[in-house]
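Everything on this sheet refers to the single structure shown next.
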Amino acid sequence: MTEKIMPITNGKIEKCIELYINVFNSAPWNETWTYQTAKERLTDLMLTPKFLGFLLYENDTLIGFIAGNSKKTFTGLTFYIAEFCINNQIQGKGYGSKLLLYLEEELKKRDIYSIYLLTATGGHAEAFYLKNNYSINEDRIVMKKILS
């Protein structure tokens, strides 16, 4: 078993799209991503200023990726994790924690002081982040409005 982590590049976007669709169109997310919508989502993310992302391979097969961008705040730089997925068939085996830790170490090298993200309440995703020493920000809420 050979694992390697490398930066996301434009040439690797196709494999990311495939993985993204497989992960987020399955339980617990059950979303309805198409090739075109996933491609647009991930391409737009890569074009975001201060983008940073990493791919996780096992034996030359893409099994996960994490990506987002840093933003300036009054206290310094913070990083927003916009997308993070691990192949459904191997979740729960430590790959996600390994990739998250790698990202954290890379962010420290870039003098980024904090990370934030949005995820579903309850369930495996929230439990994963809590296990990895993330906390629920009691000072913030997520609000939305559906435009019809």
Side-chain angles (χ1 to χ4, degrees), residues 1-29 31 33 35-142 144:
M1 171 167 69
T2 305
E3 295 170 16
K4 70 181 164 192
I5 297 174
M6 60 182 37
I8 294 178
T9 60
N10 286 331
K12 303 294 185 181
I13 192 81
E14 289 298 319
K15 291 291 185 184
C16 290
I17 294 167
E18 181 181 320
L19 179 62
Y20 189 84
I21 291 169
N22 289 337
V23 169
F24 290 107
N25 284 2
S26 300
W29 308 106
E31 296 173 344
W33 291 94
Y35 172 84
Q36 194 57 43
T37 57
K39 180 177 182 178
E40 184 175 344
R41 168 82 174 162
L42 297 178
T43 300
D44 286 351
L45 178 57
M46 288 182 69
L47 296 174
T48 303
K50 301 179 185 171
F51 168 81
L52 183 64
F54 297 99
L55 306 165
L56 174 61
Y57 286 89
E58 182 180 63
N59 298 326
D60 297 322
T61 299
L62 180 65
I63 60 169
F65 68 89
I66 191 167
N69 64 298
S70 57
K71 298 178 180 187
K72 189 71 170 174
T73 70
F74 70 96
T75 56
L77 287 172
T78 188
F79 189 83
Y80 170 60
I81 298 175
E83 297 299 345
F84 185 16
C85 63
I86 299 292
N87 180 310
N88 303 44
Q89 306 305 313
I90 57 171
Q91 288 179 4
K93 297 184 178 183
Y95 293 108
S97 294
K98 183 175 287 190
L99 188 53
L100 189 58
L101 181 60
Y102 184 89
L103 172 70
E104 291 171 6
E105 292 302 317
E106 288 298 314
L107 295 177
K108 288 177 191 174
K109 293 176 190 175
R110 292 166 169 79
D111 293 324
I112 296 172
Y113 80 98
S114 68
I115 299 172
Y116 73 102
L117 58 96
L118 300 172
T119 196
T121 56
H124 295 298
E126 182 181 355
F128 167 79
Y129 289 110
L130 291 171
K131 178 186 85 167
N132 281 280
N133 300 316
Y134 284 65
S135 60
I136 296 168
N137 186 340
E138 302 295 339
D139 297 334
R140 301 282 189 259
I141 60 170
V142 175
K144 74 175 187 178

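Just so it is clear, the values below take in all heavy atoms, side chains as well, and ignore hydrogens, waters and symmetry mates.
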Inset, instruction - Could you please spell out the steps behind the side chain to side chain contact (heavy atoms under 4.5 Å, CB included) verdict for Leu19 and Asn87? - result: CA-CA 7 Å; Leu19 179 62; Asn87 180 310; 4.0 Å; yes
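- Legend: residues meeting side-chain hydrogen bond (donor to acceptor under 3.5 Å, both in side chains) with Glu126, ordered by chain and number and at least two apart, are absent.
- Minimum interatomic distance between Asn69 and Pro49 (heavy atoms only, all atoms of both residues): CB-O, 3.4 Å.
- A donor-acceptor pair is defined here as one N or O able to donate and one able to accept, closer than 3.5 Å; no such pair exists between the side chain of Thr37 and the backbone of Trp33.
- To the nearest 0.5 Å, atom SG of residue Cys85 and atom CD1 of residue Ile21 are 10.5 Å apart.
- With values rounded to the nearest 0.5 angstrom, Leu100 atom CG is found 8.5 Å from Leu117 atom CG.
- Between Ala125 and Thr119, the shortest heavy-atom distance links the atoms CB-OG1, 3.2 Å.
- Taking CD1 from Ile81 and CG from Leu107, the interatomic distance works out to 8.0 Å, rounded to the nearest 0.5 Å.
- Applying the side-chain hydrogen bond (donor to acceptor under 3.5 Å, both in side chains) test to every pair with at least one member in residues 74-85, sequence neighbours left out, gives these pairs: Tyr20-Glu83, Arg41-Glu83, Thr73-Thr75, Thr75-Tyr113, Thr78-Ser114.
- When all heavy atoms are compared, the tightest approach of Ile8 to Ala67 is CD1-CB, 4.0 Å.
- Interatomic distance, CG of Leu42 versus SG of Cys16, reported as 6.5 Å (0.5 Å rounding).
- Not counting sequence neighbours, the partners of Glu106 by the salt bridge (charged side-chain N to carboxylate O under 4.0 Å, His left out) test are Lys109, Arg110.
- Sorted by first and then second residue, the ring pair (Phe, Tyr, Trp, His ring centres under 6.0 Å) pairs with a member in residues 37-66 read Phe54-Tyr102; sequence neighbours excluded.
- Here the straight-line distance linking atom CG of Leu99 with atom CG of Leu55 works out to 8.5 Å at 0.5 Å rounding.
- For the salt bridge (charged side-chain N to carboxylate O under 4.0 Å, His left out) test, no residue two or more places apart in sequence or in another chain qualifies with Lys131.
- Across every non-hydrogen atom of Ile63 and Tyr95, the tightest pair is CD1-CD2, 3.5 Å.
- With sequence neighbours excluded, the residues that form a side-chain hydrogen bond (donor to acceptor under 3.5 Å, both in side chains) with Asn132 are Ser97.
- For Glu40, there are no side-chain hydrogen bond (donor to acceptor under 3.5 Å, both in side chains) partners at least two apart in sequence or on another chain.
- Judged as a side-chain hydrogen bond (donor to acceptor under 3.5 Å, both in side chains), the pairs with a partner in residues 6-19 (not counting sequence neighbours) are, in order, Glu14-Tyr35.
- No more than 12 heavy atoms of other residues, nucleotides or ligands shown are found within 6.0 angstrom of CG on Asp60.
- Residues passing the salt bridge (charged side-chain N to carboxylate O under 4.0 Å, His left out) test with Glu105 are Lys108, sequence neighbours excluded.
- Side-chain atoms of Glu31 and Trp29 include no donor-acceptor pair closer than 3.5 Å.
- In this structure, the separation between CD1 on Ile86 and NZ on Lys98 is 10.5 Å, given to the nearest 0.5 Å.
- Residues meeting the side-chain hydrogen bond (donor to acceptor under 3.5 Å, both in side chains) test with Thr43, sequence neighbours left out: none.
- Counting only residues at least two apart or on different chains, no salt bridge (charged side-chain N to carboxylate O under 4.0 Å, His left out) pair has a member in residues 67-78.
- Residues forming a salt bridge (charged side-chain N to carboxylate O under 4.0 Å, His left out) with Lys144 (at least two apart in sequence, or on another chain): none.
- In terms of heavy-atom proximity, Asn88 sits nearest to Ala27 at ND2-O, 4.1 Å.
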